[in-house]
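Naming: A, B, ... by sequence-line order, numbering from 1 per chain.
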2 protein chains.
Amino acid sequence: MSDLTNPAETTRPAYVLDEQVGFILRLVGQRHSAIFQRLAPEGLTTTQFAAFVRLAELGECSQNELGRRTAMDVATIKGVVDRLRRKGMVTLRDDPHDKRRALLSVAPDYAHLTDDLYSVGLRISAETLEPLNRDEQRTLLRLLKKLR
Amino acid sequence: MSDLTNPAETTRPAYVLDEQVGFILRLVGQRHSAIFQRLAPEGLTTTQFAAFVRLAELGECSQNELGRRTAMDVATIKGVVDRLRRKGMVTLRDDPHDKRRALLSVAPDYAHLTDDLYSVGLRISAETLEPLNRDEQRTLLRLLKKLR
DNA sequence: CAGATAACGTTTGCATGCAAACGACATGGA
DNA sequence: TCCATGTCGTTTGCATGCAAACGTTATCTG
C-alpha cells in the first residue's frame, strides 16, 4: 500500500522510466538503426536512404521540397543531400525558371539501384518487426501511424 | 493489375517508404521530441531527463554504468553528463576504491526536482499517446517493448 | 608475481536533427 | 512599378548517437 493520507497517491500511476513511450521509442529506434546499418548497401544511412528513394519516386525536385517530403528540416536535408552528392548518387542542375533553386535527380548510374533498395528496405522492415506475428505487425503500424 | 509476366511481382509487397517501420518511427520520435521540449523544465532534453531520473533512482553510480542503464554509448553518456554537470544538476566525486572511476550523484539542490520530473514525464507520455484510447495505448506499449 | 584481459573514462570523426538568422530571388497586390 | 511576403538555399550553434582508438587502472590467471 502507498500513502493513504494522500488519496491522489493511490491512483496516480508511478513513473517508471522504462515504461514511457519516449524511452521505448528510442530503444526501438536504436535496434532498427543497427539492423539498417548491417543490411543497407552503399553505406546508406536511414535518412540518406529515405531521401534517395523519395527522389527516385518524385523525379526532379528541389532540395527543400525533398526535405518536406521526407520530414527533414532544411538544415538536415542539406547535409543529407551533400553526402548523397559526394557519393555520386544524386546530381544537380540549375532550375531554368527560378534562379533560387537547383533541381536534384538520381544519378543515371544509380537509377538501377532503386529496385535493390526496395527489396533491401522490405527486408530491413521485416527483420525489425520479426519479434511480432503478422497481426501484431499490422496493429503496431496502424497505431504508430496515428502518432505521427 | 501489376506485371503478370513476373509472378513474383504480384505477391511481393510494394515498397512504400511511408509504410516502413523505420520511417514511421522517425516521425513519431519527432513528434514526441517536440512535445518533450515544450513541457520539460530546466531545458532538459530527452536523454538528459532519462539520465537524471535514472541517477536519482540508482543513487551514486559511475558514468559508464549510468550509460548502460539508460542505453547510451560511452561517448554519448559523457556528453549528457557533462551538460548535466554544467547545469549544476549532477555532481561528481572520486571513487575511493577505484582510481579509474568517478561517482555521480544528483546535486542536493536538485533532489527535490525528481518529483516534478515524474509528473511532467507522465504528462509528456500522456500527450504523446493522446491520439490513442486506453486499450490502444496499452497495446502499442506492449508491442513496442517486444521490439526493444 | 607477471601477464593477459577487461573495465573506466576520454577523444576524434562522422551523421543526424532542430532553431534561428541571413541574403537572394519570386510573386502577389496596392 | 514598388513593396510586402514568402520561398530557396546556406550557415552557425547546440545536442544526440555510434564507432574506433587510446591511456589508465583492476582483476583474474597461470
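- Residue B:D73 is in base contact, counting any heavy-atom pair closer than 4.0 Å across all strands shown.
- Between the CG atom of A:L104 and the P atom of D:dC8 there is a distance of 12 Å, rounded to whole Å.
- For the pair A:R26 CZ and D:dT16 P, the computed distance is 10 Å after rounding to whole Å.
- The residue among B:K87 and B:V74 whose nearest nucleotide of DNA chain D is located toward the 5' end is B:K87.
- At C:dT16, one or more side-chain N or O atoms of A:R83 fall inside 4.0 Å of OP1 or OP2 (strictly under the cut-off).
- Nearest nucleotide to the A:K99 side chain, out of D:dC8, C:dC25, D:dA20: C:dC25.
- When rounded to the nearest whole Å, the span between CZ of B:R100 and C1' of D:dT25 equals 5 Å.
- Atom CE in A:M72 sits roughly 15 Å away from atom P in D:dG9 (whole-Å rounding).
- B:K78 has a side-chain polar atom (N or O) that falls below the 4.0 Å cut-off from OP1 or OP2 of C:dT10.
- Separating the CD1 atom of A:I77 from the P atom of C:dT16 is a distance of 9 Å, rounded to the nearest angstrom.
- A salt bridge links B:K78 with B:D82: at least one charged nitrogen is closer than 4.0 Å to a carboxylate oxygen.
- In this structure, A:K87 contributes its side chain and A:E42 its backbone to a donor-acceptor pair below 3.5 Å.
- An OP1 or OP2 oxygen of D:dG9 is reached within less than 4.0 angstrom by a side-chain nitrogen or oxygen of A:N64.
- What separates CZ of B:R68 from C1' of C:dG9 is a distance of 12 Å, to the nearest Å.
- Following chains of ILVMFWY side-chain contacts shorter than 4.5 Å, one can reach A:L117 starting from A:M72, so the two form part of one hydrophobic cluster.
- Annotation: proximity of residues 29-62 of chain B to DNA chain D (heavy atom, distance under 4.0 Å) is found for B:T45, B:T47, B:Q48, numbered in ascending order.
- The existence of a salt bridge linking A:R69 and A:E57 is excluded, since no basic side-chain nitrogen approaches an acidic carboxylate oxygen closer than 4.0 Å.
- Side chain of A:A75, nearest nucleotide from C:dC18, C:dA26, D:dT10: C:dC18.
- Put simply, CG on B:L25 is 17 Å from P on C:dT16, counting in whole angstrom units.
- Salt-bridge annotation for B:R148 and A:D18: absent, with no side-chain N of the basic residue lying under 4.0 Å from a carboxylate O of the acidic one.
- Ionic pairing of B:R101 and B:E65 is not present here: no N-O contact between side-chain nitrogen and carboxylate oxygen is shorter than 4.0 angstrom.
- For A:R86, the side-chain atoms get nearest to C:dA15 when compared with the rest of D:dT25, C:dA20, C:dA15.
- Among D:dG17, C:dC25, D:dG9, the nucleotide with an atom closest to any side-chain atom of B:T76 is D:dG17.
- Ring pair B:H32/B:F36 is tilted by interplanar angle, where 30° to 60° counts as tilted.
- Spacing between atom NE2 of B:H97 and atom C1' of D:dT27 amounts to 16 Å, rounded to whole angstrom units.
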